[in-house]
Number of protein chains: 2
Amino acid sequence: MNKLNKRFDMTAVATDVVMLVVEDKELKLLLIKPKHPELAGKWALPGGMVNPDESVEDSVKRHLLNKAGVKDVYLEQLYAFGEVERDPFGRVVSIAYLALVPDSQRIKLMTTGSYEGISWHPISQLPELAYDHQKIVDYSIERLKAKIGYTNVIKELLPEDFTFNQLMGAYELILGKKLDKRNFSKKIIALKLIKPTKNKSVGGAHRPALLYKFTSKDLKIIEIL
Amino acid sequence: MNKLNKRFDMTAVATDVVMLVVEDKELKLLLIKPKHPELAGKWALPGGMVNPDESVEDSVKRHLLNKAGVKDVYLEQLYAFGEVERDPFGRVVSIAYLALVPDSQRIKLMTTGSYEGISWHPISQLPELAYDHQKIVDYSIERLKAKIGYTNVIKELLPEDFTFNQLMGAYELILGKKLDKRNFSKKIIALKLIKPTKNKSVGGAHRPALLYKFTSKDLKIIEIL
DNA sequence: ACAAAAGTGTTTGGAGTACACCCATGG
DNA sequence: CCATGGGTGTACTCCAAACACTTTTGT
């Protein structure tokens with residue numbers, strides 16, 4: 001137990017954020033590298049203490065802005081992790097959030113005083129994580145897997161305009177399995193989830209694809225898969 | 001802001017529990033009546049502060065034991081409510097839990113020093129609730145509705161042995177709609193969720209029904225509805 | 001005998017799944 | 001002209017939903 005507990009004799013509240021992006025046909029996670037010697041070699045989720053004068057969600061936003069220069073991303077609370085010994089530096093209950101950013105939106109990675117670095121890591125090959133952060137990441141992937149099956153959240157991981165294959169690719173990455181192109185297209189069209197734009201993709205080495213938009217900007221609950 | 005904030009200059013962690021039971025063909029919620037004059041006329045969810053030396057879940061169990069004499073009930077974390085002004089007495093983040101108890105299990109309702117009373121209230125006619133507790137209750141019902149559709153949690157609300165109609169009745173209460181007897185039975189039997197015992201119900205004014213047991217004591221994830 | 005809940009099958013429509021070929025473009 | 005990803009339809013199977021009568025018991 002550290003000075004935090006000694007000083008206050010109560011439980012502190014922090015947040016941890018699992019921030020995901022789809023890039024280069026990989027699902028990637030934002031991690032920071034703490035300077036603290038006890039965590040040498042390990043990476044951690046971005047996050048930090050909740051101030052008394054800010055809501056928990058505002059606290060997440062503040063830390064994301066400070067560490068990654070990000071505003072207006074999709075945020076969803078995952079779970080509160082409340083084991084006594086989960087943080088060796090003190091009694092901290094951590095409220096985990098999931099953040100999704102579209103591939104197009106560039107994040108400004110900022111290395112502040114307390115961190116050696118901050119960078120994106122493919123989910124399939126994560127380094128060793130500090131605290132119970134691996135557990136939090138696993139949990140978040142499970143949640144996301146489930147949620148793309150009954151909502152249109154996936155839109156938060158795609159740019160404004162996208163091709164049909166980008167959409168299906170994002171589903172396949174998250175679910176970790178291949179989908180049938182024709183059946184998937186049938187369902188997405190039947191649900192009127194997306195609508196074609198008048199443009200086509202450019203730069204692809206081959207046949208240009210139609211670009212689509214989502215029909216709704218709001219999160220919708222609809223059975224998809 | 002109260003002394004809690006002034007003294008610690010940080011955020012406190014508490015829990016609130018939505019404890020449900022099925023009784024008299026009603027879904028009922030356990031509420032306490034606080035003595036504090038500022039909450040006059042309002043009821044509240046049972047719960048309390050998390051001590052630094054106990055996990056959040058252990059804290060829920062402790063408060064349930066103290067206030068309702070309950071042990072070994074189904075507990076599931078719902079959501080952490082973290083708005084700054086949610087509690088007029090101080091900066092408190094509350095982690096809400098759902099608790100399910102089988103109708104047979106008798107709860108010893110204990111009125112301790114800080115409460116005027118504790119009792120069960122049908123969900124369909126709740127009194128005015130303190131804080132953001134109505135929001136928490138609404139959220140918990142939504143969660144339960146979803147969860148009985150893809151798990152066997154419903155067992156936590158039923159006695160060891162139960163009739164087919166008790167089971168279907170519990171589903172109907174939570175979903176708030178009638179189900180088809182034959183289709184429901186077909187599905188439940190196909191899933192091997194329950195097995196018949198050698199006994200029949202007694203005391204009913206009419207034809208006795210077969211009693212069933214759940215085939216598994218563990219929470220199972222299976223598409224049910 | 002009658003009132004009340006228990007128990008039990010069939011039909012039909014819609015959704016999910018499996019499956020293969022031609023097209024447009026850049027190099 | 002060739003390589004690469006883009007785009008499209010049909011047939012079959014299975015599950016969901018609609019639907020009504022007979023049985024057993026207590027009074």
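Chain A is the first sequence line, chain B the second, and so forth, proteins listed ahead of strands; every chain is numbered from 1.
Look at CE on A:M168: it is 12 Å from P on D:dG7, rounded to the nearest Å. Here D:dC15 presents its P atom at 11 Å from CG of B:L191, a figure rounded to the nearest Å. Distance B:L179 CG to D:dA16 C1': 13 Å, rounded to the nearest Å.
Listed by first then second residue, pairs satisfying side chain to side chain donor-acceptor pair (under 3.5 Å) with a partner in residues 145-158 of chain A read A:E76-A:K147, not counting sequence neighbours.
Considering all non-hydrogen atoms of both residues, A:R86 and A:I136 come closest at NH2-CD1, 4.5 Å.
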message: Does A:F184 form a side-chain contact (heavy atoms from CB on, under 4.5 Å) with A:L167? I'd like the steps, not just the answer.
response: CA-CA 10 Å; A:F184 184 76; A:L167 175 63; 4.2 Å; yes
task: Mark up nucleotides 18-27 of chain D, 5' to 3', with B wherever a protein heavy atom is under 4.0 angstrom from a base atom, S wherever such an atom reaches only the sugar-phosphate, and - elsewhere.
output: BBB--BBBS-
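Two rings, from B:Y79 and A:Y79, have their centers 6.0 Å or more apart. Between B:F162 and B:F214, the ring center distance clears the sub-6.0 Å criterion.
Remark: A:S140 OG to A:L20 CG distance equals 5.5 Å, nearest 0.5 Å.
Counting heavy atoms from C-beta on, the side chains of A:V101 and A:M19 come closer than 4.5 Å.
Remark: B:K35 NZ is packed, more than 12 non-hydrogen atoms of other residues, nucleotides or ligands lying under 6.0 Å away.
From the 5' end on, the contacts that DNA chain C makes with chain B at under 4.0 Å to a non-hydrogen atom open and close at C:dA3 to C:dT10.
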